[in-house]
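Just so we're on the same page: letters track the sequence lines, and every chain starts at 1.
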Amino acid sequence: MFDPVSPQVSFPELDATQLAFWENTRIFEKTLEGAEEKQPFIFYEGPPTANGMPHPGHVLTRVMKDVFLRYRTMCGYYVPRRAGWDTHGLPVEVEVEKELGISGREAIQQYGVEAFSRKCIDSVFKYIGEWQKMTERIGFWVDFDSAYVTFHKSYVESVWWALSEMFNKGLLYQGYKVVWWWPQGGTALSAGEVGQGYRTIDDPSVMIRFPVVGEERTSFLAWTTTPWTLPSNIALAVSAKTDYATVELEDGERLVLAAALVGKVLGEEANVVATRKGSELVGMSYEPPFRYAEPEGGPAWQVIDADFVSLDSGSGLVHLAPAFGEDDFRVCKEKGMGFLQLMKPDGTFPDEVTDFAGRFCKDADRDIIRNLSARGVLFKEEVYRHDYPFCWRAMDDPLIQYARRSWFIRTTQEIDRVKENNQAVHWEPEHIKSGRMGQFLEGNVDWALSRERFWGTPLPIWKNDETGAVEAVGSVAEILERNPDAFAHFEKAKAADPTLQDHLMVHKPWIDAVSWTKDGEPGVYRRVPEVIDCWFDSGCMPFAQWGFPHQNAEGFERNFPADFITEAVDQTRGWFYSLMTISSLMFPERALPHPFKNCVVLGLMTDEKGKKLSKRDKNYTDPLVLMDRVGADAVRWALYAGTVPGQSTRFFDDAATDAVREFLLKIWNVYSFFVTYANIDGWTAAVPRPALADRPDMDRWVLAELDATVRAVRQELDDYKSHMAVRRLLGFVDGLSNWYVRRSRARFWASEDTDDKRAAFSTLYEVLVDLAKLAAPFVPFMTETLFQNLVHKDDPAAPKSVHLASFPEPDSARIDEELRKTVERVRNVVTLGQRVRNENKLKVRQPLAEAIVVVADDQERRGIDRFASAIREELNVRALGFTQEPHKYVEFELVPNFRVLGPKLGKQVPACKKALADADGSALYAEMEAKEKIVVQLPSGPVELTPSEVEVRLSARDDFAAASGSGQVVVLDTRVDDSLRREGLAREVINRIQRARKTMDLAYEARIEVRWNADGELAEAIEEHAKRIAGETLATGFSRESVPGSAHDTEIDGSALSLSIVEKLTR
RNA sequence: GGGGCACUAGCUCAGGUGGUUAGAGCGCACCCCUGAUAAGGGUGAGGUCGCUAGUUCGAGUCUAGCGUGCCCCA
């Protein structure tokens, strides 16, 4: 006996049962047993930061990871799944700042770095509970107990090792670079961080006079959108090849600007008095607009040429302030110009800028313009609308470009190796390789690694405060070699406060107090103040999760490289890049690709309208709430069905509801149907099963479909195309539910014990069990329910869980392509017949004498005939016939088989098509039938065509009730004689009584007593079919008797039918 | 300004290596169904595949240009 299954099901309740079952029986742990015998399938978990609530996008990546991991597990691989947490970085600090109500580096220092670091640890795991809950609820199996954590001491030491290796190879250096700087936060932002904060804003666009030295009343007219950088002006840039005009204004003043822009800036009538090439301007000197300080390190206030000067906007001369622009810095450095940085790191003007001292850069723009205007230096002011970056965590804070001393990894030196690595990776979708990632690598610049912040992996570099000598260390042990007492201060602090975690010894502020001296060398080695970009942390996870190389070398080797990772597209420049780059730099000798072989890149998740999901707009339902409503499987299925790698995924609650109806409920209904009748019949898995060959066509068909589905799903999952696997599963379930079960129902409720019935039960059972396994990676909850009841309950030897079972294997005994093709045709015949009925307004209730199928050949005919009874029932016809005279019903048309004839005839193809179309198709068809070839006359001469070179198209002739499609034609005999009409009427009566039963809310097995009355043909029909009517409606009494005013009185085709129905209570 | 992706039915989306009747689900219309029934099912109408050129015997699919939207980077 199976446990009874109700057709009404609460998937959320099932989820709870299975979650408890997995937990109690430790199924996940069991999947990890036997590691030694199994082939490993290595997965890396991209560590999330748990300092915010998980949202649907996170759910997507987690279920996408899960489906491939469950699949591989069932295929017999050893699939370790270690969780990880990303714990460092600006997001964490900003969250803590918010919590403490402070902002900026100084405020943090005042608050105390020690206390701040501890707060960061608290904050990092603030939502870890929510993350774990979501992860468990959605059914993502991952091992939290062994999770790697990026702030842990062993992890940090691994990162240090990587950095020290790079330092020793000369790949880590300190440079002066223009970075995107967040003044209020006091730190540089990574490219990825900057990219998240672009906003369209209006900035002033000003044109300013730079008086030419040595030319009377003549000025360069230069352009800028950042007036606050003018006090730090060093040079003007021109394009050497461009023409520059000198224009004389009415008052005699002369301005120099690009000739092409004269009209735009000064009007078409402007008086051009001279023209020079940009190269002729190079080297000329000018008066700067401000002169608060003298530049250092080289000449200033000269014209230089630069490749980036464009004529799209402005004047063709660009103001350069190397302290505040990446291009400016590069060009000025190339030309050996000086440097001036009149702006403090907090974004305010220093004291020497007397007019604006203490003012915030962007806020001072207006006053600077006013000042320039008052002195007659300003020529023109406009508003310039463009995209400008703001801090991604504090959206009101603009970023500025700012030259800083910072540490870099010389990625550009090894970029070719990274590119090679990228080429070797299997990206899904493929275009990431040469597209987003490839292009990014083409434009690679050195990795700006350091952050002038607090909560991050400290840069393991110590500098001698007297000699300037620099050392990098790769572990705590290396520090202790240099100074055994290096951590005495930390030990002391720990003794005073036992809650102080050991992990913190490698963090600020404790690590900053670590120092050493060297014999025979003056000065003390002290750590540089910076921490590093947290992307470097997560990029080290392939080895840092093991603490490699300081420990667990074998763990690292066994789990390197990963077979599979998946994250969203924003990780291209994030985790994917950091993984690939660090690995390429650290392990140049290893076989490519590493550290990952297959990478599924997911698109962004949006709401129904394609809008980005945002907490503020509340355009999504909390995943946990949604799962409690529709169940985790529904959410999972909706995501698999709606997600194509690389494309954005629109997700909304209705998609999950649809998933229930389209997939889960269909399977459930079949399952419930099966269990109901198996239990009534006492069928169990132990009952001997008929051999496959002895089963009817219908059974062998569904098993052939199952086998084809198994092959397809395996292939798609091997190719990381989950959405394609979903389609195959949907197609199979539709055929199972809407053809196999619908057509086979009667076989299950037959009362005698026949071979046919045993075959039906065996087949449906086998299909359900394999389907449960096949769908288990996608919908692990419902499939577990099926598996437990169908398999494990009565077979203690079976795997404890569907997730410990083997994924279905292709079964060559089940293959039957001919049968699949035949059923496809049969179903098409039914479709066509139904279309004929619809078009001719012939209800299915009205029986017809015959359906005639036009077939192309005898084999097709024999195949279809095997399903004659099914077709007769579906179409409600008394007979199924095959015509011997196709010409009577259909027109033939011959069309070239383009795939074959294209290469053969080339340019003659259209002529051939026309010749075939113009000829008498039916005659050609007859000729082809007789001679196995035809000859057509083309302008270029006669051509002989064989049957494989043409396609035969059939179309129904207009004078018959017929429909054609997919190469088939079905004709219905629409004549309704008296006998047919009376049978139709009888079926109408049955229908009315059944409807009455339904409105009376009777149980399906309830017996009734019917009294009826009618006149004429209707009465005749009822009399004639009384037995059948009574039988089908379970009427034990059926008599012609007038009962006035019955509630079920009705009419059929205009004839009154009086019906009185009462339930007959039999006990 | 540069790079990437997308544009297919009213809506959401599929459509390896080009092959001539472009598919699915939802929605809609009409219809069916008591033994899977607080379910299920059938049929149909909807598309010049963003636009314009080109390559080709043949283009939703390949090439170029343009347009619109999204993402990334300046």
Side-chain angles (χ1 to χ4, degrees), chain A residues 5 7-8 191-192 194-196 198 308 310 312-313 326-327 386-387 389 429 431-432 434-440 442-443 569-570 572-573 603-604 606 608 610-612 641-642 644 646-648 650 652 654-655 658 661-662 665-666 668-674 676-677 680 719 721 723-724 726-727 730-731 734 737-738 741-742 745-746 748-749 830-839 841 843-845 874 876 895-913 951 953 963-967 990-991 993-995 997-998 1002-1006 1032-1034:
Chain A
V5 177
Q8 269 90 57
V194 175
Q196 292 183 51
Y198 274 87
F308 57 81
S310 90
D312 295 339
S313 50
E326 204 177 332
D327 287 335
H386 61 155
D387 287 337
H431 62 70
I432 298 286
S434 57
R436 208 168 257 235
M437 181 57 88
Q439 294 293 329
F440 178 54
E442 286 304 321
V569 67
D570 56 339
T572 310
R573 286 148 194 275
L604 248 64
T606 67
E608 196 168 3
K611 270 186 64 180
K612 221 169 152 173
V644 181
Q647 306 279 38
S648 63
R650 297 196 191 198
F652 41 96
D654 283 353
D658 286 352
R661 222 183 31 228
E662 270 177 43
L665 217 47
K666 265 187 194 166
W668 190 264
N669 281 334
V670 172
Y671 163 62
S672 149
F673 172 85
F674 168 80
T676 303
Y677 289 99
I680 288 174
D719 291 347
K721 292 185 172 146
H723 64 292
M724 295 306 284
V726 159
R727 300 173 83 81
L730 276 172
D734 182 68
S737 169
N738 291 333
V741 173
R742 190 158 57 83
R745 277 180 295 197
F748 291 89
W749 64 67
V830 172
T831 295
L832 293 174
Q834 281 163 336
R835 189 192 302 170
V836 177
R837 277 188 171 274
N838 252 296
E839 281 168 357
K841 299 216 182 308
K843 290 182 183 181
V844 183
R845 271 203 289 275
E874 291 285 318
N876 193 16
V895 184
N897 181 343
F898 292 98
R899 205 180 271 267
V900 178
L901 281 182
K904 178 174 162 187
L905 296 181
K907 288 187 196 285
Q908 306 303 320
V909 168
C912 179
K913 181 185 179 185
E951 280 173 20
R953 295 236 172 103
S964 53
S966 307
I990 292 171
N991 167 265
I993 298 174
Q994 302 290 35
R995 272 197 260 168
R997 287 183 62 114
K998 189 155 193 184
L1002 299 182
Y1004 78 78
E1005 72 276 12
E1032 293 205 12
T1033 58
L1034 301 181

Scan [X] against the nucleic acid and name what it touches under 4.0 Å (heavy atoms): base, sugar-phosphate only, or nothing.
X	value
V900(A)	nothing
D570(A)	nothing
F674(A)	nothing
E662(A)	sugar-phosphate
S737(A)	base
R835(A)	sugar-phosphate
R745(A)	base

Work out how far the [atom1] atom of [N] is from that of [M], and round it to whole angstrom.
N	M	atom1	result
G15(B)	C7(B)	C1'	15 Å
G58(B)	U20(B)	P	14 Å
U61(B)	U17(B)	C1'	11 Å
C13(B)	G27(B)	C1'	14 Å
G46(B)	A9(B)	P	14 Å
A6(B)	U48(B)	P	22 Å
C72(B)	C30(B)	C1'	50 Å
G16(B)	A22(B)	P	15 Å

For the student: nearest non-hydrogen atoms of V5(A) and T676(A), plus distance: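 Minimum heavy-atom separation between V5(A) and T676(A): O-OG1, 4.3 Å.
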
Nearest atoms (heavy-atom pairs only) where K666(A) meets E662(A): CD-O, 3.5 Å

Distance, nearest 0.5 Å, that separates CD of Q439(A) from CD of E442(A): 6.5 Å

Distance, nearest 0.5 Å, that separates CZ of R845(A) from CD1 of I990(A): 10.0 Å

Is [X] near enough to [N] that one of its side-chain N or O atoms lies under 4.0 angstrom from OP1 or OP2?
X	N	value
T831(A)	U43(B)	yes
N738(A)	G41(B)	yes
K666(A)	G41(B)	yes

Base of C71(B) paired with side chain of R436(A) (donor-acceptor, under 3.5 Å): yes

For atom [atom1] of [X] and atom [atom2] of [N], their distance in whole Å:
X	N	atom1	atom2	result
E874(A)	G41(B)	CD	C1'	9 Å
H431(A)	A6(B)	NE2	C1'	9 Å
F440(A)	A74(B)	CZ	C1'	13 Å
K998(A)	C32(B)	NZ	P	14 Å

Nearest-nucleotide 5' precedence on RNA chain B, L665(A) against I990(A):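 Per heavy-atom nearest nucleotide, the more 5' residue is I990(A).
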
5' precedence on RNA chain B between L604(A) and K841(A) (nearest-nucleotide basis):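 Of the two residues, K841(A) wins.
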
Under 4.0 Å protein heavy-atom contacts per nucleotide of nucleotides 14-20 of chain B, with B for base, S for backbone only and - for none: SS---BB

So which nucleotide from [options] ends up closest to the side chain of [X]?
X	options	answer
R845(A)	C33(B), U43(B), C57(B)	C33(B)
N991(A)	C33(B), C57(B), A36(B)	C33(B)
Q439(A)	C57(B), G3(B), C32(B)	G3(B)
Q8(A)	G3(B), A38(B), G41(B)	A38(B)

Residues that E326(A) engages under salt bridge (charged side-chain N to carboxylate O under 4.0 Å, His left out), provided they are two or more places apart: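 E326(A): no salt bridge (charged side-chain N to carboxylate O under 4.0 Å, His left out) contacts found.
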
Intra- and inter-strand pairs of RNA chain B in dot-bracket (Watson-Crick or G-U wobble, both distances under 3.5 Å; | for another strand): (((((((..((((.....[...)))).(((((.......))))).....(((((..]....)))))))))))).

Within-4.5 Å side-chain heavy-atom neighbours: Q994(A) and N991(A):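 Heavy-atom side-chain distance check fails, nothing below 4.5 Å.
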
Non-hydrogen side-chain atoms of K913(A) and F898(A) separated by less than 4.5 Å: yes

Where the chi angle of G60(B) falls, syn if within 90° of 0 and anti if not: anti

Electrostatic pair E874(A):R837(A) at N-O distance under 4.0 angstrom: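 Answer for the salt bridge query: no.
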
Check against side-chain contact (heavy atoms from CB on, under 4.5 Å), F673(A) and R745(A): CA-CA 9 Å; F673(A) 172 85; R745(A) 277 180 295 197; 3.6 Å; yes

